[in-house]
Amino acid sequence: MSAESFAHATQMLRESDRDRYLSTLALPAGSRDGVAAILAFNADIAGIRERVSGPAPGEIRLQWWNDALRGDGHGAVRQNPLADAVLTTLDRYALPPGTLQRLIGARRFDLYDDPMPDLETFEGYAGETASTLLQLSAMILNEGLPVEPGDAAGHLGVAQAMVGHLRAFGYVASQGRIMLPWSIFQANGVSEGEIFAGTDSEGLHEALGQIAELAEEHLRKARAAIAVLPSTLKPAFAILPVVEAQLRLWQRRGGSLFAVPADDADWRKIGRIGWWALRNR
């Protein structure tokens, strides 16, 4: 079933997390299926809130994945093509399932409406989600062996999460949620009511601008860490130029902070990824 399962996972990733899918095009063909399976797993977990009626059924779905990763109900679980692709990838590369279980634990936060309290908590959340995916992708490129101390994955993952939530700020606020560090908004005199009402203010501009500056700093550190990696591992970080471009577009945006910012077309993203990959061979 695995060939069909990997095809299913890749198609799921293409439809639900376009940027990460495009970044896999820079990977060696032999590693692409495994990375796509791990990324599609994340897309499935990240989308649970949108598919359920409340936290309780979301918790049930997360528990199903936890059980699957522990090997409970192995035969039945393998009937799910995404689970089959993920478990096959973990087996093939001897990847630690605990990393994905920690990702599930971090994603539990998504099911509830509590604000992200502070920068440290946000960086921890990003580390267990976006950074973990980058680290596992690099390990797959290295046949399952640990590959680097985590600086590249750590900084790029945090930057990716920050930029993603800057771009999604208005949509997330419309759900009554705050996924960027609440302490930064508080320090700039921004209230929850202003955010949930979609009210632009000088304090909100300042708070989001500070978060964008933090993202820039993480991108700078990610570039430095990626530069010293073996060339065989660099394709795992091919999302970098897409994130950089999205941050620039957000910084040049016009209009409301709650509006969806511009984004590059797929062909331009593919060009950025391809050019970056060529320069980092």
Side-chain angles (χ1 to χ4, degrees), residues 1-52 57-108 110-111 128-147 153 157 160 232-233 235-239 266 269-270 273:
M1 183 178 175
S2 289
E4 294 83 0
S5 297
F6 280 116
H8 172 86
T10 299
Q11 180 62 25
M12 181 179 170
L13 180 65
R14 182 186 294 119
E15 294 173 355
S16 58
D17 193 341
R18 192 72 176 174
D19 290 349
R20 284 192 173 98
Y21 165 72
L22 293 176
S23 75
T24 67
L25 301 180
L27 298 173
S31 304
R32 198 172 297 147
D33 281 352
V35 173
I38 297 298
L39 298 180
F41 162 82
N42 174 71
D44 184 75
I45 298 294
I48 286 176
R49 181 185 170 109
E50 303 289 337
R51 302 195 302 271
V52 298
E59 292 276 10
I60 291 170
R61 181 62 182 170
L62 292 179
Q63 188 59 50
W64 185 91
W65 271 113
N66 256 320
D67 292 343
L69 292 170
R70 280 201 304 264
D72 298 348
H74 213 63
V77 165
R78 289 278 187 171
Q79 297 306 306
N80 178 307
L82 178 57
D84 182 49
V86 170
L87 293 173
T88 299
T89 299
L90 293 179
D91 291 344
R92 180 183 298 168
Y93 298 100
L95 299 176
T99 56
L100 296 185
Q101 289 174 312
R102 288 193 295 275
L103 184 151
I104 291 170
R107 285 288 185 186
R108 192 162 272 117
D110 298 359
L111 301 178
E128 296 288 8
T129 54
S131 297
T132 286
L133 297 174
L134 294 163
Q135 189 76 23
L136 289 173
S137 298
M139 288 177 69
I140 288 171
L141 291 184
N142 204 40
E143 297 298 324
L145 298 174
V147 290
Q160 186 178 8
T232 53
L233 304 181
F237 304 95
I239 194 76
D266 280 359
K269 291 179 181 178
I270 292 169
I273 291 167

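The structure presented is a predicted model; accordingly, all values stated were derived computationally and were not measured.
In terms of heavy atoms, Ala153 sits closest to Gln135 at CB-OE1, 3.4 Å. Between Ile273 and Ala238, the closest heavy-atom pair is CG1-O, 3.6 Å. Looking at every heavy atom in both residues, Thr99 comes nearest to Pro96 through OG1-O, 2.7 Å. Between Ile48 and Gly58, the shortest heavy-atom distance links the atoms CG2-CA, 3.7 Å. Between Leu134 and Ala236, the closest heavy-atom pair is CD2-O, 3.5 Å. Considering all non-hydrogen atoms of both residues, Pro97 and Leu69 come closest at CB-O, 4.0 Å.
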*Take Leu62 and Leu111 through the test side-chain contact (heavy atoms from CB on, under 4.5 Å) and record every step on the way to the result.*
CA-CA 10 Å; Leu62 292 179; Leu111 301 178; 3.7 Å; yes

*Stepwise, does the side-chain contact (heavy atoms from CB on, under 4.5 Å) test hold for Asn42 with Arg20?*
CA-CA 10 Å; Asn42 174 71; Arg20 284 192 173 98; 3.7 Å; yes

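Side-chain atoms of Glu15 and Gln11 form a donor-acceptor pair, as typed in the model, at a separation below 3.5 Å.
Among pairs with a residue in residues 18-48, those fulfilling ring pair (Phe, Tyr, Trp, His ring centres under 6.0 Å) read Phe41-Trp65, at least two apart in sequence or across chains.
Atom CG of Asp19 and atom OG1 of Thr24 lie 11.5 Å apart (nearest 0.5 Å). Here the straight-line distance linking atom CZ of Arg61 with atom CG of Asn66 works out to 12.0 Å at 0.5 Å rounding. Within the model, atoms CZ of Arg102 and OG1 of Thr129 stand 12.5 Å from one another, a figure rounded to the nearest 0.5 Å. The distance from atom CE of Met139 to atom OG of Ser31, rounded to the nearest 0.5 Å, is 13.0 Å. Once rounded to the nearest 0.5 Å, the distance linking OG1 of Thr132 with CG of Leu103 reads 6.0 Å. To the nearest 0.5 angstrom, Asp44 atom CG is 7.5 Å from Asn80 atom CG.
With Thr88 contributing its side chain and Ala85 its backbone, the two residues share no donor-acceptor pair below 3.5 Å.
Evaluation of the salt bridge (charged side-chain N to carboxylate O under 4.0 Å, His left out) rule for Asp110 yields Arg107 as partners, not counting sequence neighbours.
The closest side-chain heavy-atom distance from Asn142 to Thr232 is not below 4.5 Å. Between Ile60 and Gln63, the closest side-chain pair of non-hydrogen atoms is not below 4.5 Å. Side-chain contact between Leu100 and Ile38 is present, with heavy atoms from C-beta onward closer than 4.5 Å.
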